[in-house]
Number of protein chains: 2
Amino acid sequence: MTEAALTELPAAAPGSKSEQAYQAVKGRIVEGTYTPGYRLVLGSIAKDLGVSVVPVREAIRRLEAEGLVKFERNVGATVAGIDPTEYLYTMQTLSIVEGAATALSAPLIDAVAIARARAMNEEMRECLDHFDPVRFTKLNQDFHSVLFEHCPNPHILDLVHRGWNRLAALRSSTFRFVPGRARDSVEEHENLLTLIEIGAGADEIEKAARLHRSATLDAYLRQTNNL
Amino acid sequence: MTEAALTELPAAAPGSKSEQAYQAVKGRIVEGTYTPGYRLVLGSIAKDLGVSVVPVREAIRRLEAEGLVKFERNVGATVAGIDPTEYLYTMQTLSIVEGAATALSAPLIDAVAIARARAMNEEMRECLDHFDPVRFTKLNQDFHSVLFEHCPNPHILDLVHRGWNRLAALRSSTFRFVPGRARDSVEEHENLLTLIEIGAGADEIEKAARLHRSATLDAYLRQTNNL
DNA sequence: AGGATAGTGATCGTATACGATTTCATACCC
DNA sequence: GGGTATGAAATCGTATACGATCACTATCCT
């Protein structure tokens, strides 16, 4: 459950080499093995995975469609870079679909799940004291996963996952842990949980979830402007 | 401009056979030549377009990712069918991203564009009197295009386009023209234009745009339940 | 006659091969 | 010496070929 329960929408057949290549390359991007700018050569990856170039090519194309890879004709593919504008657009889009997903999920989240989420949030608070950004980030993802996983609309859920993947891919070079913002974030999480618990209206929950991410974006912008 | 100014996000290289196949098949689906359930055989399409199966396969995969095609391993591809649940999800997702896109565009729409949109809306009103559903639908698309086309966030814009494409693909068998709803729709369009003109807040515009589509969905649900 | 089963055809998935385009380095000319 | 042209290497894009899987039919057994 803590492990990526990303049930992503339609894909290639589960056992196919194409799917295998997709998972492998995507994993290495999201995990950080392939950092932005890394050159993805079809032949090399194919040899590395022990498959032909055709499935690899298909995998790269899927990753391109998800914005994780840039693919130029007759030139090659590279892991998508860290364009601040792109970051802004991704965050903005995510704030919208994430807000919607949370609002749609809210009525379907049971007390057990809320308790689980709250425990995570408390542990995040501790991470702030011990300064453990890595665990904090992981917990943050799991926390929101609990809020999403009941979203009945698979399209919206898929969009949320794609956004998270993009951010994960950029994380290593873009994301910087800002303790001040992180502390606010934990409070916003608690507020969100409360809203869900008391059965607040969808509009209110959506707005709160959206602002939660917008605030992160604002913190990023403020930080970069202050350089 | 009236013609699909769909500048869709990353794609295959413009001149490639893959892109050519993609455009051809997508066009036939959206236009209605290939209706839901139509069997897409890679070899046949390849021969038909005068290319190999590899680019065709790639095109089909892209269409699958966009939800226009269903592709089963070792079985074949068919044009995506008319699952009422899927229709509901698509409309719900569209109401969200469309609302956001409209709100983001609003401040950037100039008076000329608004006048153009209003003219379209008035012509739609006339279409109701002469009962011309085809032209009404076309005008409706163009009307909303005017509202979208200035959306600064390309991701959101892309999501809106994908939603419209899915609806276009389903149109021929799902969509039924409901004059009562259409008349309300025209009024909502006018309200939207007014909100934009007076420089209403983003929240208000977003809510209005979202409700505009939700109302269409509701009308559909009411209609099917009354059968 | 009904159901299971083997055979046949069709279709997809992948590998390999080749041509086209780009990139980079080297040599040449001015 | 600097800029340009030429060549080779690398990489992608596509075609073709073959194996794997699935659906469908006709036959055989009970």
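Chain letters run A, B, ... following the sequence lines, proteins first and then strands; every chain starts at 1. The model shown is predicted, which means the values in this text are computed figures rather than measured ones.
Side chain of A:Tyr89 to main chain of B:Pro152: a donor-acceptor pair is present (N/O by atom type, distance under 3.5 Å, no hydrogens or angles).
Going from atom CD of A:Glu64 over to atom P of D:dG13 covers 10 Å, rounded to whole Å. The CD atom of B:Gln20 sits 15 Å away from the P atom of D:dG13 (whole-angstrom rounding). Atom-to-atom, CD of B:Glu72 to P of C:dG13 comes out at 11 Å; the value is rounded to the nearest Å. Here D:dA10 presents its C1' atom at 12 Å from CG of A:Leu42, a figure rounded to the nearest Å. Distance CD1 (B:Ile45) to C1' (C:dT11): 12 Å, rounded to an integer number of Å.
With sequence neighbours excluded, no residue satisfies salt bridge (charged side-chain N to carboxylate O under 4.0 Å, His left out) with A:Asp218. With sequence neighbours left out, the side-chain hydrogen bond (donor to acceptor under 3.5 Å, both in side chains) criterion links B:Thr33 to B:Glu31.
No side-chain donor-acceptor contact under 3.5 Å links B:Glu98 and B:His212.
Aromatic ring orientation, B:Trp164 versus B:Phe148: perpendicular (interplanar angle above 60°, classes split at 30° and 60°).
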Is there any protein nitrogen or oxygen under 3.5 Å from a nitrogen or oxygen in nucleotides 14-21 of chain C, and what are the pairs?
unit_1	atom_1	unit_2	atom_2	d
C:dT14	OP1	A:Lys17	N	2.5
C:dA15	OP1	A:Ser52	N	3.3
C:dA15	OP2	A:Ser52	N	2.5
C:dA15	OP2	A:Ser52	OG	3.4

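When heavy atoms are screened at a 4.0 angstrom cut-off, A:Ile60 is found touching no nucleic acid atom at all.
Contact between A:Ala77 and A:Ile60 at its shortest, heavy atoms only, is CB-CG2, 3.8 Å.
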